There are 2 protein chains.
Amino acid sequence: MTGRSLEEYTAPVEDYLKVIYEIERASGAAATTDIASRLAIAPASVSGMVRRLADQGLVDHERYHGVRLTDEGRRVALRMLRRHRVIEAYLTRALGYEWDRVHDEAERLEHAASDELIDRMEAAIGAPGVDPHGAPIPTREGQIDERELVSLAELEPRQMGRVVRVSDDDASRLRYLGELGLVPGARVTMLDRAPFGGPIRLRVRKAECAIGPQLAGSVWVEVAE
Amino acid sequence: MTGRSLEEYTAPVEDYLKVIYEIERASGAAATTDIASRLAIAPASVSGMVRRLADQGLVDHERYHGVRLTDEGRRVALRMLRRHRVIEAYLTRALGYEWDRVHDEAERLEHAASDELIDRMEAAIGAPGVDPHGAPIPTREGQIDERELVSLAELEPRQMGRVVRVSDDDASRLRYLGELGLVPGARVTMLDRAPFGGPIRLRVRKAECAIGPQLAGSVWVEVAE
DNA sequence: AAGCTAAGTTAGGTTGGCCTAAATCATATG
DNA sequence: CATATGATTTAGGCCAACCTAACTTAGCTT
Ligand SMILES: [Mn+2]
Ligand SMILES: [Mn+2]
Ligand SMILES: [Mn+2]
Ligand SMILES: [Mn+2]
(Lines give C-alpha, C1' and ligand atoms only; values in the text may rest on other atoms or scores of the structure.)
(Ligands and ions follow the chains in the order given, each with its own letter.)
Protein backbone atom coordinates (compact mmCIF):
# COMPACT_ATOMS: atom_id res chain seq x y z
CA MET A 1 0.00 0.00 0.00
CA THR A 2 2.80 2.39 0.83
CA GLY A 3 4.83 1.19 -2.11
CA ARG A 4 7.69 0.08 0.09
CA SER A 5 6.36 -3.37 0.92
CA LEU A 6 6.73 -4.89 4.33
CA GLU A 7 10.47 -4.99 4.71
CA GLU A 8 11.91 -1.95 6.33
CA TYR A 9 15.63 -1.84 6.74
CA THR A 10 17.62 1.29 7.46
CA ALA A 11 19.81 2.83 4.78
CA PRO A 12 23.04 1.86 6.59
CA VAL A 13 21.85 -1.75 6.87
CA GLU A 14 21.09 -1.80 3.15
CA ASP A 15 24.53 -0.44 2.32
CA TYR A 16 26.28 -2.97 4.54
CA LEU A 17 24.43 -5.84 2.88
CA LYS A 18 25.41 -4.60 -0.57
CA VAL A 19 29.11 -4.45 0.24
CA ILE A 20 29.03 -7.76 2.11
CA TYR A 21 27.50 -9.32 -0.99
CA GLU A 22 30.26 -7.98 -3.17
CA ILE A 23 33.10 -8.91 -0.83
CA GLU A 24 31.66 -12.37 -0.29
CA ARG A 25 31.45 -12.98 -4.02
CA ALA A 26 35.09 -11.97 -4.44
CA SER A 27 36.66 -13.56 -1.39
CA GLY A 28 34.42 -15.99 0.45
CA ALA A 29 33.55 -14.49 3.81
CA ALA A 30 33.49 -10.74 4.34
CA ALA A 31 36.11 -9.60 6.88
CA THR A 32 35.44 -6.75 9.27
CA THR A 33 38.23 -4.56 7.92
CA ASP A 34 37.17 -5.13 4.32
CA ILE A 35 33.66 -3.97 5.11
CA ALA A 36 35.06 -1.05 7.09
CA SER A 37 37.31 0.17 4.32
CA ARG A 38 34.62 -0.18 1.64
CA LEU A 39 32.23 1.89 3.73
CA ALA A 40 34.87 4.29 5.05
CA ILE A 41 33.88 3.44 8.61
CA ALA A 42 35.92 2.40 11.67
CA PRO A 43 36.31 -1.36 12.12
CA ALA A 44 34.86 -1.11 15.62
CA SER A 45 31.67 0.33 14.14
CA VAL A 46 31.46 -2.60 11.77
CA SER A 47 31.70 -5.04 14.67
CA GLY A 48 28.72 -3.31 16.23
CA MET A 49 26.67 -3.33 13.06
CA VAL A 50 27.55 -6.95 12.34
CA ARG A 51 25.99 -7.91 15.63
CA ARG A 52 22.79 -6.10 14.68
CA LEU A 53 22.74 -7.70 11.25
CA ALA A 54 23.18 -11.13 12.82
CA ASP A 55 20.41 -10.39 15.33
CA GLN A 56 18.12 -9.58 12.43
CA GLY A 57 19.02 -12.79 10.66
CA LEU A 58 20.66 -11.04 7.73
CA VAL A 59 24.16 -12.49 8.17
CA ASP A 60 25.87 -15.40 9.85
CA HIS A 61 28.80 -14.27 11.89
CA GLU A 62 31.64 -16.52 12.94
CA ARG A 63 33.60 -14.53 15.46
CA TYR A 64 36.99 -13.43 14.20
CA HIS A 65 36.23 -15.05 10.88
CA GLY A 66 33.93 -12.72 9.02
CA VAL A 67 30.32 -12.78 7.94
CA ARG A 68 28.28 -14.45 5.22
CA LEU A 69 24.85 -13.39 4.05
CA THR A 70 21.86 -15.50 4.99
CA ASP A 71 19.25 -16.16 2.32
CA GLU A 72 17.30 -13.15 3.55
CA GLY A 73 20.44 -11.03 3.61
CA ARG A 74 21.25 -12.03 0.06
CA ARG A 75 17.72 -11.28 -1.04
CA VAL A 76 17.97 -7.75 0.37
CA ALA A 77 21.45 -7.26 -1.11
CA LEU A 78 20.28 -8.25 -4.57
CA ARG A 79 17.28 -6.01 -4.23
CA MET A 80 19.61 -3.11 -3.47
CA LEU A 81 21.91 -3.91 -6.38
CA ARG A 82 18.87 -3.93 -8.63
CA ARG A 83 17.72 -0.58 -7.30
CA HIS A 84 21.14 1.00 -7.56
CA ARG A 85 21.71 -0.15 -11.10
CA VAL A 86 18.24 0.61 -12.40
CA ILE A 87 18.58 4.13 -11.04
CA GLU A 88 22.00 4.57 -12.64
CA ALA A 89 20.69 3.32 -15.95
CA TYR A 90 17.63 5.54 -15.77
CA LEU A 91 19.61 8.65 -14.96
CA THR A 92 21.88 8.19 -17.95
CA ARG A 93 19.25 7.09 -20.44
CA ALA A 94 16.26 9.18 -19.45
CA LEU A 95 17.79 12.26 -17.86
CA GLY A 96 21.02 12.81 -19.72
CA TYR A 97 23.46 12.13 -16.91
CA GLU A 98 27.05 11.26 -17.72
CA TRP A 99 28.22 7.86 -16.50
CA ASP A 100 30.56 9.41 -13.95
CA ARG A 101 27.81 11.34 -12.15
CA VAL A 102 25.26 8.64 -11.45
CA HIS A 103 26.84 6.59 -8.70
CA ASP A 104 26.56 9.08 -5.83
CA GLU A 105 23.02 9.96 -6.79
CA ALA A 106 22.01 6.29 -6.91
CA GLU A 107 23.73 5.63 -3.60
CA ARG A 108 21.11 7.81 -1.91
CA LEU A 109 18.06 7.26 -4.10
CA GLU A 110 18.32 3.47 -3.78
CA HIS A 111 17.10 3.79 -0.19
CA ALA A 112 14.20 6.11 -0.93
CA ALA A 113 12.60 4.73 -4.08
CA SER A 114 9.65 2.36 -3.88
CA ASP A 115 9.68 -0.95 -5.74
CA GLU A 116 7.05 0.50 -8.01
CA LEU A 117 9.28 3.41 -8.97
CA ILE A 118 12.18 1.10 -9.72
CA ASP A 119 9.98 -1.04 -11.94
CA ARG A 120 8.62 2.01 -13.76
CA MET A 121 12.09 3.39 -14.35
CA GLU A 122 13.27 0.05 -15.67
CA ALA A 123 10.32 -0.20 -18.04
CA ALA A 124 10.70 3.40 -19.20
CA ILE A 125 14.20 2.72 -20.53
CA GLY A 126 13.36 -0.67 -22.01
CA ALA A 127 14.82 -2.92 -19.31
CA PRO A 128 18.41 -2.77 -20.55
CA GLY A 129 19.78 -5.58 -18.35
CA VAL A 130 22.97 -3.75 -17.44
CA ASP A 131 23.82 -0.45 -15.81
CA PRO A 132 25.95 2.26 -17.47
CA HIS A 133 29.12 0.59 -16.22
CA GLY A 134 28.22 -2.83 -17.51
CA ALA A 135 27.05 -4.30 -14.20
CA PRO A 136 24.16 -6.75 -14.60
CA ILE A 137 20.79 -5.70 -13.19
CA PRO A 138 19.13 -8.36 -11.03
CA THR A 139 15.52 -9.15 -11.87
CA ARG A 140 12.68 -8.34 -9.52
CA GLU A 141 12.96 -11.96 -8.37
CA GLY A 142 16.66 -11.66 -7.57
CA GLN A 143 18.11 -13.46 -10.58
CA ILE A 144 21.46 -12.09 -11.69
CA ASP A 145 23.99 -12.89 -14.37
CA GLU A 146 26.92 -13.96 -12.19
CA ARG A 147 29.38 -15.01 -14.86
CA GLU A 148 33.04 -14.67 -13.98
CA LEU A 149 35.03 -12.09 -15.86
CA VAL A 150 38.74 -11.49 -16.33
CA SER A 151 40.29 -8.14 -15.54
CA LEU A 152 42.66 -6.42 -17.93
CA ALA A 153 45.38 -6.98 -15.36
CA GLU A 154 45.08 -10.73 -15.87
CA LEU A 155 45.23 -10.71 -19.66
CA GLU A 156 48.23 -12.28 -21.37
CA PRO A 157 50.09 -10.51 -24.18
CA ARG A 158 48.29 -10.86 -27.54
CA GLN A 159 45.03 -11.86 -25.86
CA MET A 160 42.00 -10.01 -27.11
CA GLY A 161 38.78 -9.25 -25.33
CA ARG A 162 35.73 -7.07 -25.18
CA VAL A 163 35.21 -4.74 -22.22
CA VAL A 164 32.13 -5.86 -20.32
CA ARG A 165 32.26 -3.87 -17.14
CA VAL A 166 34.19 -1.23 -15.21
CA SER A 167 34.25 -0.20 -11.55
CA ASP A 168 31.91 2.68 -10.97
CA ASP A 169 32.83 4.02 -7.56
CA ASP A 170 35.36 6.68 -8.57
CA ALA A 171 34.11 9.43 -10.84
CA SER A 172 37.52 10.65 -11.97
CA ARG A 173 38.58 7.14 -12.87
CA LEU A 174 35.45 6.75 -14.95
CA ARG A 175 36.20 9.96 -16.79
CA TYR A 176 39.72 8.75 -17.56
CA LEU A 177 38.51 5.37 -18.75
CA GLY A 178 36.06 7.20 -20.96
CA GLU A 179 38.87 9.24 -22.50
CA LEU A 180 40.82 6.06 -23.22
CA GLY A 181 37.79 4.45 -24.81
CA LEU A 182 37.76 1.71 -22.20
CA VAL A 183 33.98 1.50 -22.01
CA PRO A 184 31.64 -1.49 -22.14
CA GLY A 185 31.64 -2.91 -25.63
CA ALA A 186 35.13 -1.75 -26.60
CA ARG A 187 37.49 -4.31 -28.17
CA VAL A 188 40.88 -4.48 -26.51
CA THR A 189 44.12 -6.24 -27.25
CA MET A 190 46.75 -6.64 -24.60
CA LEU A 191 50.12 -5.79 -26.18
CA ASP A 192 52.58 -6.30 -23.38
CA ARG A 193 53.20 -5.71 -19.74
CA ALA A 194 56.30 -4.32 -18.05
CA PRO A 195 57.46 -6.31 -15.03
CA PHE A 196 57.32 -5.28 -11.36
CA GLY A 197 53.95 -3.59 -11.54
CA GLY A 198 54.86 -1.63 -14.63
CA PRO A 199 52.50 -0.31 -17.27
CA ILE A 200 50.27 -2.52 -19.36
CA ARG A 201 50.11 -1.51 -23.01
CA LEU A 202 46.84 -1.97 -24.82
CA ARG A 203 45.31 -1.41 -28.19
CA VAL A 204 41.84 0.05 -27.81
CA ARG A 205 39.93 0.72 -31.02
CA LYS A 206 43.05 1.26 -33.11
CA ALA A 207 44.60 3.57 -30.56
CA GLU A 208 47.27 2.51 -28.13
CA CYS A 209 47.57 3.35 -24.47
CA ALA A 210 49.41 2.24 -21.35
CA ILE A 211 47.78 1.95 -17.95
CA GLY A 212 48.88 0.88 -14.51
CA PRO A 213 47.92 -2.48 -13.01
CA GLN A 214 45.57 -0.92 -10.52
CA LEU A 215 43.50 0.74 -13.22
CA ALA A 216 43.68 -2.42 -15.30
CA GLY A 217 42.20 -4.29 -12.37
CA SER A 218 39.06 -2.22 -12.53
CA VAL A 219 38.23 -3.12 -16.12
CA TRP A 220 36.73 -6.54 -16.77
CA VAL A 221 36.64 -8.18 -20.11
CA GLU A 222 35.27 -11.20 -21.87
CA VAL A 223 38.17 -12.96 -23.53
CA ALA A 224 37.81 -13.60 -27.26
CA GLU A 225 39.39 -16.58 -29.06
CA MET B 1 30.99 18.31 -6.29
CA THR B 2 28.73 15.80 -4.56
CA GLY B 3 25.65 17.37 -6.07
CA ARG B 4 24.12 18.12 -2.69
CA SER B 5 25.80 21.49 -2.12
CA LEU B 6 27.12 22.53 1.24
CA GLU B 7 23.96 22.47 3.31
CA GLU B 8 23.34 19.23 5.01
CA TYR B 9 20.22 18.94 7.05
CA THR B 10 18.71 15.67 8.21
CA ALA B 11 15.49 14.41 6.67
CA PRO B 12 13.50 15.05 9.88
CA VAL B 13 14.79 18.63 10.02
CA GLU B 14 13.74 19.16 6.42
CA ASP B 15 10.27 17.81 7.11
CA TYR B 16 9.82 19.98 10.20
CA LEU B 17 10.76 23.09 8.25
CA LYS B 18 8.28 22.27 5.53
CA VAL B 19 5.36 21.90 7.91
CA ILE B 20 6.38 24.94 9.94
CA TYR B 21 6.35 26.92 6.72
CA GLU B 22 2.85 25.78 5.90
CA ILE B 23 1.44 26.32 9.39
CA GLU B 24 3.07 29.71 9.65
CA ARG B 25 1.54 30.81 6.37
CA ALA B 26 -1.91 29.75 7.53
CA SER B 27 -1.84 30.88 11.16
CA GLY B 28 1.06 33.13 12.03
CA ALA B 29 3.33 31.24 14.40
CA ALA B 30 3.55 27.45 14.36
CA ALA B 31 2.37 25.90 17.63
CA THR B 32 4.00 22.80 19.07
CA THR B 33 0.84 20.71 18.89
CA ASP B 34 0.13 21.76 15.31
CA ILE B 35 3.57 20.64 14.25
CA ALA B 36 3.16 17.45 16.25
CA SER B 37 -0.16 16.50 14.69
CA ARG B 38 1.01 17.28 11.14
CA LEU B 39 4.03 15.06 11.61
CA ALA B 40 2.25 12.40 13.68
CA ILE B 41 4.80 12.84 16.45
CA ALA B 42 4.43 13.38 20.21
CA PRO B 43 4.41 17.05 21.29
CA ALA B 44 7.31 16.39 23.64
CA SER B 45 9.40 15.28 20.69
CA VAL B 46 8.57 18.49 18.89
CA SER B 47 9.79 20.53 21.86
CA GLY B 48 13.09 18.73 21.62
CA MET B 49 13.44 19.24 17.90
CA VAL B 50 12.43 22.88 18.14
CA ARG B 51 15.36 23.48 20.41
CA ARG B 52 17.71 21.91 17.89
CA LEU B 53 16.20 23.94 15.06
CA ALA B 54 16.63 27.14 17.07
CA ASP B 55 20.24 26.21 17.90
CA GLN B 56 20.89 25.83 14.18
CA GLY B 57 19.36 29.22 13.45
CA LEU B 58 16.48 27.78 11.43
CA VAL B 59 13.62 29.03 13.61
CA ASP B 60 12.96 31.65 16.27
CA HIS B 61 11.27 30.15 19.28
CA GLU B 62 9.31 32.16 21.80
CA ARG B 63 8.69 29.80 24.67
CA TYR B 64 5.07 28.73 24.98
CA HIS B 65 4.24 30.81 21.89
CA GLY B 66 5.37 28.83 18.92
CA VAL B 67 8.08 29.13 16.30
CA ARG B 68 8.68 31.20 13.18
CA LEU B 69 11.15 30.42 10.44
CA THR B 70 14.28 32.50 10.14
CA ASP B 71 15.38 33.58 6.68
CA GLU B 72 17.59 30.52 6.48
CA GLY B 73 14.76 28.29 7.71
CA ARG B 74 12.43 29.72 5.08
CA ARG B 75 15.05 29.20 2.39
CA VAL B 76 15.36 25.54 3.29
CA ALA B 77 11.58 25.11 3.55
CA LEU B 78 11.03 26.56 0.09
CA ARG B 79 13.80 24.42 -1.29
CA MET B 80 11.99 21.36 0.10
CA LEU B 81 8.63 22.44 -1.30
CA ARG B 82 10.28 22.85 -4.67
CA ARG B 83 11.81 19.41 -4.46
CA HIS B 84 8.63 17.75 -3.32
CA ARG B 85 6.51 19.33 -6.03
CA VAL B 86 8.95 18.86 -8.86
CA ILE B 87 9.18 15.19 -7.96
CA GLU B 88 5.40 14.82 -7.85
CA ALA B 89 5.06 16.55 -11.20
CA TYR B 90 7.80 14.42 -12.74
CA LEU B 91 6.33 11.16 -11.51
CA THR B 92 2.94 11.92 -13.05
CA ARG B 93 4.16 13.43 -16.28
CA ALA B 94 7.21 11.33 -17.06
CA LEU B 95 6.49 8.01 -15.38
CA GLY B 96 2.74 7.60 -15.57
CA TYR B 97 1.91 7.83 -11.88
CA GLU B 98 -1.62 8.68 -10.81
CA TRP B 99 -1.97 11.85 -8.77
CA ASP B 100 -2.91 9.91 -5.64
CA ARG B 101 0.32 7.86 -5.60
CA VAL B 102 2.96 10.53 -5.81
CA HIS B 103 2.89 12.16 -2.39
CA ASP B 104 4.41 9.35 -0.33
CA GLU B 105 7.07 8.71 -2.93
CA ALA B 106 8.00 12.40 -3.02
CA GLU B 107 8.04 12.58 0.76
CA ARG B 108 11.07 10.29 0.74
CA LEU B 109 12.78 11.21 -2.52
CA GLU B 110 12.81 14.92 -1.64
CA HIS B 111 15.54 14.18 0.92
CA ALA B 112 17.68 12.07 -1.38
CA ALA B 113 17.68 13.89 -4.71
CA SER B 114 20.46 16.31 -5.60
CA ASP B 115 19.68 19.82 -6.78
CA GLU B 116 20.91 18.76 -10.18
CA LEU B 117 18.41 15.93 -10.37
CA ILE B 118 15.55 18.22 -9.39
CA ASP B 119 16.54 20.70 -12.08
CA ARG B 120 16.82 17.97 -14.69
CA MET B 121 13.42 16.55 -13.79
CA GLU B 122 11.87 19.99 -13.98
CA ALA B 123 13.41 20.64 -17.38
CA ALA B 124 12.41 17.20 -18.68
CA ILE B 125 8.71 17.94 -18.15
CA GLY B 126 8.88 21.51 -19.38
CA ALA B 127 8.89 23.33 -16.04
CA PRO B 128 5.13 23.22 -15.49
CA GLY B 129 5.01 25.69 -12.58
CA VAL B 130 2.56 23.65 -10.53
CA ASP B 131 2.48 20.14 -9.11
CA PRO B 132 -0.26 17.60 -9.96
CA HIS B 133 -2.45 18.98 -7.17
CA GLY B 134 -2.17 22.58 -8.29
CA ALA B 135 0.44 23.66 -5.72
CA PRO B 136 2.90 26.22 -7.10
CA ILE B 137 6.51 25.11 -7.57
CA PRO B 138 9.06 27.54 -6.10
CA THR B 139 11.90 28.54 -8.40
CA ARG B 140 15.49 27.57 -7.76
CA GLU B 141 15.88 30.99 -6.16
CA GLY B 142 12.94 30.45 -3.81
CA GLN B 143 10.31 32.57 -5.53
CA ILE B 144 6.80 31.23 -5.10
CA ASP B 145 3.33 32.29 -6.18
CA GLU B 146 1.75 32.95 -2.78
CA ARG B 147 -1.63 34.26 -3.86
CA GLU B 148 -4.49 33.68 -1.44
CA LEU B 149 -7.21 31.30 -2.51
CA VAL B 150 -10.73 30.62 -1.29
CA SER B 151 -11.82 27.15 -0.30
CA LEU B 152 -15.06 25.63 -1.53
CA ALA B 153 -16.28 25.76 2.06
CA GLU B 154 -16.16 29.56 1.96
CA LEU B 155 -18.05 30.01 -1.29
CA GLU B 156 -21.49 31.65 -1.20
CA PRO B 157 -24.46 30.17 -3.07
CA ARG B 158 -24.42 31.03 -6.79
CA GLN B 159 -20.73 31.94 -6.69
CA MET B 160 -18.65 30.38 -9.42
CA GLY B 161 -14.99 29.52 -9.45
CA ARG B 162 -12.26 27.45 -10.99
CA VAL B 163 -10.49 24.80 -8.95
CA VAL B 164 -6.87 25.79 -8.57
CA ARG B 165 -5.55 23.42 -5.97
CA VAL B 166 -6.43 20.48 -3.72
CA SER B 167 -4.82 18.98 -0.60
CA ASP B 168 -2.54 16.15 -1.54
CA ASP B 169 -1.81 14.36 1.69
CA ASP B 170 -4.60 11.77 1.64
CA ALA B 171 -4.60 9.35 -1.28
CA SER B 172 -8.18 8.16 -0.85
CA ARG B 173 -9.47 11.71 -0.70
CA LEU B 174 -7.64 12.48 -3.92
CA ARG B 175 -9.24 9.52 -5.61
CA TYR B 176 -12.67 10.66 -4.50
CA LEU B 177 -12.06 14.21 -5.67
CA GLY B 178 -10.95 12.78 -8.98
CA GLU B 179 -14.22 10.84 -9.29
CA LEU B 180 -16.20 14.00 -8.62
CA GLY B 181 -14.20 15.92 -11.21
CA LEU B 182 -12.89 18.30 -8.57
CA VAL B 183 -9.47 18.62 -10.13
CA PRO B 184 -7.38 21.70 -10.92
CA GLY B 185 -8.94 23.54 -13.83
CA ALA B 186 -12.52 22.38 -13.20
CA ARG B 187 -15.29 25.02 -13.18
CA VAL B 188 -17.51 24.86 -10.12
CA THR B 189 -20.70 26.58 -9.06
CA MET B 190 -21.77 26.56 -5.45
CA LEU B 191 -25.49 25.78 -5.40
CA ASP B 192 -26.39 25.81 -1.74
CA ARG B 193 -25.27 24.73 1.64
CA ALA B 194 -27.27 23.02 4.38
CA PRO B 195 -26.89 24.56 7.84
CA PHE B 196 -25.09 23.05 10.85
CA GLY B 197 -22.21 21.60 8.92
CA GLY B 198 -24.49 19.99 6.38
CA PRO B 199 -23.65 19.10 2.81
CA ILE B 200 -22.58 21.64 0.22
CA ARG B 201 -24.15 21.11 -3.18
CA LEU B 202 -22.07 21.92 -6.21
CA ARG B 203 -22.29 21.86 -9.96
CA VAL B 204 -19.08 20.49 -11.40
CA ARG B 205 -18.89 20.31 -15.19
CA LYS B 206 -22.63 19.92 -15.68
CA ALA B 207 -22.87 17.24 -13.01
CA GLU B 208 -24.10 17.89 -9.51
CA CYS B 209 -22.68 16.60 -6.27
CA ALA B 210 -22.85 17.22 -2.54
CA ILE B 211 -19.83 17.13 -0.26
CA GLY B 212 -19.19 17.72 3.42
CA PRO B 213 -17.58 20.89 4.71
CA GLN B 214 -14.37 19.14 5.62
CA LEU B 215 -13.82 17.89 2.10
CA ALA B 216 -14.87 21.28 0.73
CA GLY B 217 -12.16 22.85 2.87
CA SER B 218 -9.49 20.93 1.03
CA VAL B 219 -10.38 22.29 -2.41
CA TRP B 220 -9.27 25.84 -3.22
CA VAL B 221 -10.71 27.91 -6.01
CA GLU B 222 -10.23 31.17 -7.78
CA VAL B 223 -13.55 32.99 -7.67
CA ALA B 224 -14.94 34.08 -11.05
CA GLU B 225 -17.16 37.17 -11.50
C1' DA C 1 -8.38 36.59 42.35
C1' DA C 2 -8.41 31.64 42.19
C1' DG C 3 -8.55 27.79 39.87
C1' DC C 4 -9.12 24.93 35.81
C1' DT C 5 -7.63 23.24 31.37
C1' DA C 6 -5.10 22.78 27.40
C1' DA C 7 -0.69 23.62 25.62
C1' DG C 8 4.01 23.24 26.24
C1' DT C 9 8.23 21.81 28.47
C1' DT C 10 11.25 18.86 31.24
C1' DA C 11 12.93 14.50 32.92
C1' DG C 12 14.35 10.24 31.93
C1' DG C 13 14.63 6.34 28.69
C1' DT C 14 15.46 3.82 24.14
C1' DT C 15 17.51 2.80 19.66
C1' DG C 16 20.57 3.14 15.76
C1' DG C 17 24.86 4.30 14.20
C1' DC C 18 28.92 6.23 14.57
C1' DC C 19 33.62 7.29 17.27
C1' DT C 20 38.43 6.37 20.00
C1' DA C 21 41.12 3.69 23.08
C1' DA C 22 42.00 -0.51 25.14
C1' DA C 23 41.74 -5.35 25.29
C1' DT C 24 41.91 -9.89 23.04
C1' DC C 25 42.45 -13.29 19.46
C1' DA C 26 44.51 -15.89 15.40
C1' DT C 27 48.28 -17.04 13.15
C1' DA C 28 52.71 -16.89 10.86
C1' DT C 29 57.35 -16.87 11.59
C1' DG C 30 61.79 -17.04 13.90
C1' DC D 1 56.72 -23.16 20.61
C1' DA D 2 56.91 -18.42 21.90
C1' DT D 3 55.88 -14.22 20.46
C1' DA D 4 54.99 -10.30 17.43
C1' DT D 5 51.62 -8.49 14.38
C1' DG D 6 47.47 -7.39 12.48
C1' DA D 7 42.62 -8.27 12.77
C1' DT D 8 38.82 -8.08 15.68
C1' DT D 9 36.07 -7.18 19.54
C1' DT D 10 34.89 -4.72 23.86
C1' DA D 11 34.35 -0.68 26.66
C1' DG D 12 32.78 3.64 27.08
C1' DG D 13 31.00 7.94 24.72
C1' DC D 14 28.27 10.95 21.70
C1' DC D 15 24.39 12.62 19.01
C1' DA D 16 19.84 12.70 16.60
C1' DA D 17 15.31 11.55 17.12
C1' DC D 18 11.90 9.48 18.96
C1' DC D 19 8.89 7.89 23.34
C1' DT D 20 5.95 8.31 28.09
C1' DA D 21 5.12 10.43 32.40
C1' DA D 22 5.32 14.27 35.17
C1' DC D 23 5.43 18.99 35.71
C1' DT D 24 4.75 24.04 34.49
C1' DT D 25 2.67 27.84 32.14
C1' DA D 26 -0.84 30.79 29.78
C1' DG D 27 -5.09 32.19 29.40
C1' DC D 28 -9.51 31.83 30.42
C1' DT D 29 -13.85 31.26 33.33
C1' DT D 30 -16.21 31.55 37.31
MN1 LIG E 1 23.42 3.67 -0.52
MN1 LIG F 1 27.20 1.14 -11.68
MN1 LIG G 1 9.81 14.15 3.61
MN1 LIG H 1 1.31 17.92 -4.15
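Since we're looking at a predicted model, the values are computed, not measured. Every chain is numbered from 1 and lettered A, B, ... according to where its sequence line falls, protein lines coming before strand lines. Keep in mind that the numbers below use all heavy atoms, side chains included, and drop hydrogens, waters and symmetry copies.
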Identify whether any heavy atom of [X] sits under 4.0 Å from a base atom; if not, whether one sits that close to sugar-phosphate; answer base, sugar-phosphate or nothing.
| X | value |
| --- | --- |
| A:R52 | base |
| B:S45 | base |
| B:A31 | sugar-phosphate |
| B:S47 | base |
| B:P12 | sugar-phosphate |

Let's see if you can work this out: which of [options] has an atom nearest to the side-chain heavy atoms of [X]?
| X | options | value |
| --- | --- | --- |
| A:T10 | C:dT9, D:dT8, C:dG17 | C:dG17 |
| A:Y64 | C:dC19, C:dA26, C:dG17 | C:dA26 |
| A:T32 | D:dT8, C:dC18, D:dG27 | D:dT8 |
| B:A44 | C:dT9, D:dT10, D:dT8 | C:dT9 |
| B:A42 | D:dC19, D:dT8, C:dC18 | D:dC19 |

Would you indicate, yes or no, if [N] has its OP1 or OP2 atom less than 4.0 angstrom from a side-chain nitrogen or oxygen of [X]?
| X | N | answer |
| --- | --- | --- |
| B:H61 | C:dT9 | yes |
| A:R51 | C:dG16 | no |
| A:Y9 | C:dG17 | no |
| A:T33 | D:dG6 | no |

Would you kindly give the [atom1]-to-[atom2] distance between [X] and [N], to the nearest whole Å?
| X | N | atom1 | atom2 | answer |
| --- | --- | --- | --- | --- |
| B:Y16 | D:dA16 | OH | P | 13 Å |
| B:H111 | D:dA16 | NE2 | P | 18 Å |
| B:L53 | D:dC18 | CG | P | 11 Å |
| A:L58 | C:dG17 | CG | C1' | 16 Å |
| A:I35 | D:dA7 | CD1 | C1' | 13 Å |
| A:I41 | D:dT9 | CD1 | C1' | 16 Å |
| B:I23 | C:dA7 | CD1 | P | 14 Å |
| B:R63 | D:dC23 | CZ | C1' | 12 Å |

A:W220 vs A:L152 side-chain heavy atoms within contact, under 4.5 Å: no
4.5 Å side-chain heavy-atom contact, A:V19 and A:E24: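 The answer is no, as the side chains (C-beta and beyond) never meet within the 4.5 Å cut-off.
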Within 45° cone and under 6.0 Å: B:R120 NZ/CZ vs A:Y97 ring: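 Yes, B:R120 sits over the ring of A:Y97.
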Contact nearer the 5' end of DNA chain C, comparing A:H65 with A:Q56: A:Q56
Pair B:D115 + B:R83: basic N to acidic O under 4.0 Å: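 The answer is yes: the pair qualifies as a salt bridge.
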Steps toward side-chain contact (heavy atoms from CB on, under 4.5 Å) verdict (A:R85, A:H133): CA-CA 9 Å; A:R85 292 171 185 173; A:H133 316 103; over 6 Å; no
From A:D60 atom CG to A:L53 atom CG, the distance as rounded to the nearest 0.5 Å: 11.5 Å
